[in-house]
Amino acid sequence: MSSQADELRARAKRFAVRILRFVRTLPRDPATDAVVRQLARSGTSVSANYRAAGRARSRQEFIAKMGIVAEEADETEHWLDVLREGKLASGPELAWLCEESRELRAIFVASAATARANHRRS
């Protein structure tokens, strides 16, 4: 795996850890519980699925796994937006997570699209 891929894998893992630490700080009530569970699941899934994509046995499997990574990144961005817009959370950590989520989503969506385009050309 390339150095760039290693850096992205480490970045996704740091994001997952920060998501878990963030959700532990949120108030426990019915309004946040469902969102917190979904956010914890999707936020950590980005890292786990990107790691799995690096172990893909074929180009098609890699493309499929990168599609999952992109979907999970998009879902994570959604849940962070729900927390912010619903005024269920605020602060610098939420702002950082929202920005990092947008950046990771953009990277993974572009990567999946590039992998699909390269596969079609081969």
Side-chain angles (χ1 to χ4, degrees):
M1 192 178 274
S2 73
S3 175
Q4 190 175 28
D6 288 339
E7 288 174 23
L8 186 54
R9 186 171 55 212
R11 183 176 173 181
K13 186 176 179 182
R14 280 190 304 273
F15 178 72
V17 169
R18 285 183 76 164
I19 286 283
L20 290 176
R21 289 182 179 154
F22 175 71
V23 298
R24 293 180 90 190
T25 68
L26 296 174
R28 302 297 307 198
D29 63 48
T32 58
D33 285 349
V35 175
V36 164
R37 276 192 303 280
Q38 294 287 22
L39 176 60
R41 186 196 57 75
S42 66
T44 55
S45 180
V46 170
S47 174
N49 282 298
Y50 183 64
R51 182 180 172 114
R55 290 178 170 54
R57 294 167 290 206
S58 68
R59 185 176 286 183
Q60 287 180 336
E61 185 177 355
F62 175 79
I63 292 166
K65 289 184 183 293
M66 285 305 295
I68 293 168
V69 174
E71 287 175 14
E72 294 294 333
D74 185 62
E75 183 178 338
T76 300
E77 186 178 352
H78 166 76
W79 292 122
L80 288 166
D81 287 343
V82 166
L83 285 173
R84 191 189 65 215
E85 291 174 22
K87 300 192 185 328
L88 300 171
S90 62
E93 185 65 4
L94 177 61
W96 184 89
L97 289 169
C98 287
E99 181 61 27
E100 184 70 355
S101 179
R102 279 189 287 280
E103 289 178 18
L104 288 173
R105 183 208 16 93
I107 290 167
F108 292 129
V109 166
S111 180
T114 299
R116 279 192 298 276
N118 289 342
H119 181 64
R120 283 188 209 113
R121 280 185 247 146
S122 63

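These values consider heavy atoms only, across backbone and side chains, with no hydrogens, waters or symmetry-generated copies. Throughout, numbering of the chain's residues begins at 1 and tracks the sequence.
- The two residues A31 and L88 make their nearest non-hydrogen contact at O-CD1, 3.8 Å.
- In this view, E100 and R11 satisfy the salt bridge (Lys or Arg N to Asp or Glu O under 4.0 Å) rule, not counting sequence neighbours.
- Hydrophobic clustering (side-chain heavy atoms under 4.5 Å, transitive across Ile, Leu, Val, Met, Phe, Trp, Tyr) keeps V46 apart from V17.
- In plain terms, the two heavy atoms of I63 and H119 that are nearest each other are CD1-CB, 3.5 Å.
- Of the possible donor and acceptor atoms, none in the side chain of S111 sits under 3.5 Å from a partner among the backbone N and O of I107.
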Step-by-step side chain to side chain contact (heavy atoms under 4.5 Å, CB included) determination, T32 to D29: CA-CA 6 Å; T32 58; D29 63 48; 3.4 Å; yes
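- Looking at every heavy atom in both residues, L26 comes nearest to A89 through CD2-CB, 3.6 Å.
- No more than 12 heavy atoms of other residues, nucleotides or ligands lie within 6.0 Å of CD in Q60, so this atom counts as exposed by the packing criterion.
- Pairing each heavy atom of A112 with each of G67, the nearest pair is CB-N, 4.4 Å.
- Note that the CD1 atom of I19 and the CH2 atom of W79 stand 13.0 Å from one another [nearest 0.5 Å].
- Under a 3.5 Å cut-off, the side chain of S47 and the backbone N or O of T44 do not form any donor-acceptor pair.
- A search for salt bridge (Lys or Arg N to Asp or Glu O under 4.0 Å) contacts involving R120 returns nothing, not counting sequence neighbours.
- One distance of note links CG of L20 with CG of L39; it measures 8.5 Å at 0.5 Å rounding.
- R102 CZ to E77 CD: the interatomic distance, rounded to the nearest 0.5 Å, is 6.0 Å.
- How far OG1 of T25 is from CD of E93: 8.0 Å, rounded to the nearest 0.5 Å.
- Cluster annotation: V109 and Y50 are assigned to distinct hydrophobic clusters (Ile/Leu/Val/Met/Phe/Trp/Tyr, side-chain heavy-atom contacts under 4.5 Å, transitive).
- The side-chain contact (heavy atoms from CB on, under 4.5 Å) with L97 is formed by just one residue from the set L83, V23, L80; it is L80.
- Residues H78 and Q38 form no side-chain contact, since every pair of their non-hydrogen atoms from C-beta on lies 4.5 Å or further apart.
- Minimum heavy-atom separation, R105 to A73: CA-CB, 3.8 Å.
- L104 has its side chain within reach of L8: a pair of non-hydrogen atoms, C-beta onward, lies under 4.5 Å apart.
- The side-chain hydrogen bond (donor to acceptor under 3.5 Å, both in side chains) test with T76 is passed by exactly one of S45, S101, S42: S42.
- Of all heavy-atom pairs spanning F62 and A115, the tightest one is CE2-CB, 3.8 Å.
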Evaluation steps, side chain to side chain contact (heavy atoms under 4.5 Å, CB included), between E61 and K65: CA-CA 6 Å; E61 185 177 355; K65 289 184 183 293; 3.1 Å; yes
